[in-house]
**Student:** 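Sharing a structure below in C-alpha cells format, with a few things to ask.
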2 protein chains.
Amino acid sequence: MTSTPRRGRPPKGERQLSREAIVEATLKVIDADGVGAVSMRAVGRVLGADAKSLYNHVAGKDALLDAVAEELLGGITLPDLTGGTRADLLAIAAAFRERALAHPEAASLVLTRQLASLEGLAPVEAVLSVLRDAGCPPDQSVHLLRAFVATLIGTLLREVSAGPTYGTTDTAGIAQRQSILENSGLPAVAAAAHHLARFDGATEYEFAISLALDALAARLADQR
Amino acid sequence: MTSTPRRGRPPKGERQLSREAIVEATLKVIDADGVGAVSMRAVGRVLGADAKSLYNHVAGKDALLDAVAEELLGGITLPDLTGGTRADLLAIAAAFRERALAHPEAASLVLTRQLASLEGLAPVEAVLSVLRDAGCPPDQSVHLLRAFVATLIGTLLREVSAGPTYGTTDTAGIAQRQSILENSGLPAVAAAAHHLARFDGATEYEFAISLALDALAARLADQR
DNA sequence: ACCTGAACACCGTTCAAGT
DNA sequence: ACCTGAACACCGTTCAAGT
C-alpha cells in the first residue's frame, strides 16, 4: 500500500519546467541563501522537480549561473538620455547600482563573470553613445568605458559585500574595529581609524562615481 | 598479504602537517586548476595526507581560502616611498598588480573576499601615509583610498578574468567578436566594435590607474 | 598532539528506461 | 519531448578510535 513511485514524464498538467522558471527559481535561492546555496537539487526543490530534469533546459550549473547573471544584467532599466554627459552617465550608473542592490547576494555573479552574450550590451551601448555624443572618438570611448565600469564594479562589489550593517547599525562592531585599527601600530591607519571603521555604501558610491566622472570630463576636455 | 591500512598518527618522521604547508598546497591547487578545484581532499592529496587531517590546522574550507587570500595580500612587497604622491601611488598599485598577475587564478579571492585580519593592512597604511604626506585630511584620505582601490580591483578583476589570450594572440576570436559586435544592431557598439573586440591588460590598467590618479590629484589640489 | 576509518548528508552529471 | 531511477565519482565535516 505504499505510494508507487512514478517514472517517466508525469501524466497530466503538472507544471512544465522552463528555462525561464528555472532561472527565476535560482534567483530565489540566491536571494534567500546566497550563491553558495545554489545547487541543482536546491533549485529543483523550489520547482518541485528533480534536479536532473533541469538538464533538459540548461546545460549545467555553470551555464545556469551565467543565465542568472544575464537575466540581471538584461533587466536593468536604462534611463532616457538627456544629452547631458555627466547626468546621463550618472543615471546609467545609478540604474546599474539599483539592480545590484535589489539582489545583493547575486550581484557578485554579474560583477565577476565574464559574460559573452549580447543581452548585457544595452548598458554598453548607452555609455558609448553618451561618449560619442560628447565628441569622444571610439578608441578613447572604449578606454573610458572600461575604466568607468571598473570603478563602478569595484565600488558595488564592496558595497554589496560590506552588507547594510557595516555602517550605522552595528555600533559595537564599529567601536571594536576602530580600537583594533588604533592599536595596529600603523600610524596612518591609526590616525584614520575613525573613518576606516565606518562605511556608508551610498556615500562611498557617490564619492567614487563623482570622482570617476570628474576624471572622465577632464579627459573629454583635453580631447578638444 | 594486502598492505594493512594504518590507523592513528603515523609512527615516525612522516611529514608533519602545518597550517603554512596547507596554505601553500592550496595555492598550488589554485594555480594549477583554479579556485573551483580546491577541495579538502585535493589539498590533502598534494600533501599526501587525508583531507580530514587538515581540520587539525584550519577551521574549514572557507577559513582556508581566507588564509590563502591573506597570504597573497601579505606577500605584496611594497615599494620604498619617495615622497612623490603620484609616483608612490603608482608604485603601490603596481605592487598590487604584480602579485595579482603572479597568481591570476587566485586573484579573485583577494579581490572579492571581505578580509578581517590585520595582515592585509600594510598596503592601506602605505596609501594613507602617502595621502597624509600630501596634506590630505584623514576623512578625505579614506574616501580617496576606497575609490582608488575600487578602480584597482575592478581593473585587475577584468584583467585576470580576461586571460592573456584575449588580446593579441587569438586573432580568430577577435575577428569573430568584432563581427558579432558590428552586427549587434547597436550603433555605438558597432562603431566601436574594433576596439571592444580587443583587450590588452597592461594598456587598460595604465589608462584606468592614470585616470584615477589624475582625479585624485585634482581633489588634492582643490583641498588646498 | 595529531592522524585516520567509518559515517553522514550532501554534490553535479550521465544514461537508459519510461510516458 | 521531457521526466526520473539507478548509478558514479565526487564533496565538507564530525567523531570516536587509535598511536
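In the text below, chain A, chain B and the rest are named by the order of the sequence lines, each starting its count at 1. A quick note: this is a predicted structure, and the numbers were derived from the prediction, not measured.
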**Student:** In whole Å, what is the span from the CG atom of A:L17 to the P atom of D:dT4?
**Tutor:** 8 Å

**Student:** Quick one: A:K61 NZ to C:dT14 C1', roughly how many Å, whole number?
**Tutor:** 18 Å

**Student:** Tell me which nucleotide, if any, is Watson-Crick or G-U wobble paired with C:dA9 when both distances must be under 3.5 Å.
**Tutor:** none

**Student:** Within this structure, what is the OH-to-C1' distance between A:Y55 and D:dG5, rounded to whole angstrom?
**Tutor:**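 Going from OH in A:Y55 over to C1' in D:dG5 covers 16 Å.
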
**Student:** Give a yes/no answer on whether the side chain of A:Q16 brings an N or O atom under 4.0 Å of OP1 or OP2 in D:dC3.
**Tutor:**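 Yes, A:Q16 has a side-chain N/O under 4.0 Å of OP1/OP2 on D:dC3.
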
**Student:** Using whole Å, report how far CE of B:M40 lies from C1' of D:dC11.
**Tutor:** 11 Å

**Student:** Tell me whether the side-chain N or O atoms of B:K52 pair up with the base of D:dG12 as donor and acceptor below 3.5 Å, since no angle test is needed here.
**Tutor:**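 No.
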
**Student:** Kindly give the heavy-atom pair with the smallest separation between A:V189 and A:S184, and that separation in Å.
**Tutor:**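 Taking every non-hydrogen atom into account, CG1-OG, 3.7 Å.
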
**Student:** Counting side-chain heavy atoms from CB outward, which of D:dC3, C:dC11, D:dG12 is closest to A:R45?
**Tutor:** C:dC11

**Student:** Out of D:dA7, C:dC2, D:dC2, which nucleotide sits closest to the side chain of A:N56?
**Tutor:** D:dC2

**Student:** Using 0.5 Å steps for rounding, measure from the CG atom of B:L152 to the CG atom of B:L145.
**Tutor:** 10.5 Å

**Student:** From NE2 of B:H57 over to C1' of D:dT13, roughly how many Å is that when rounded to an integer?
**Tutor:** 17 Å

**Student:** Can you see whether B:Y205 has B:R97 sitting over its ring - NZ or CZ less than 6.0 Å from the centre and within 45° of the normal?
**Tutor:**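 Checked: cation-pi criterion met.
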
**Student:** Taking CG from A:D33 and C1' from C:dC10, how many angstroms apart are they, rounded to a whole number?
**Tutor:** 15 Å

**Student:** Does a side-chain heavy-atom distance below 4.5 Å link A:D88 with A:V127?
**Tutor:**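 No. Closest side-chain heavy atoms not under 4.5 Å.
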
**Student:** Using purine N1 to pyrimidine N3 plus N6-O4 or O6-N4 for Watson-Crick, or N1-O2 and O6-N3 for G-U wobble, each under 3.5 Å, what pairs with C:dA16?
**Tutor:**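 C:dA16 is paired, partner D:dT4.
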
**Student:** Report the distance from atom CD1 of A:I22 to atom C1' of D:dC2, rounded to the nearest whole Å.
**Tutor:**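 Computing the A:I22:CD1 to D:dC2:C1' distance gives 11 Å.
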
**Student:** Students often get this wrong, so: under 4.0 angstrom with heavy atoms, is B:S53 touching a base, only sugar-phosphate, or nothing?
**Tutor:**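 Base contact.
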
**Student:** Rounded to the Å, how far apart are B:R19 CZ and C:dC2 P?
**Tutor:**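 Atom CZ in B:R19 sits about 14 Å away from atom P in C:dC2.
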
**Student:** With heavy atoms under 4.0 Å as the rule, sort B:D50 into base, sugar-phosphate or nothing.
**Tutor:** sugar-phosphate

**Student:** Taking atom types as modelled and ignoring hydrogens, do the side chains of A:E204 and B:H143 form a donor-acceptor contact shorter than 3.5 angstrom?
**Tutor:** yes

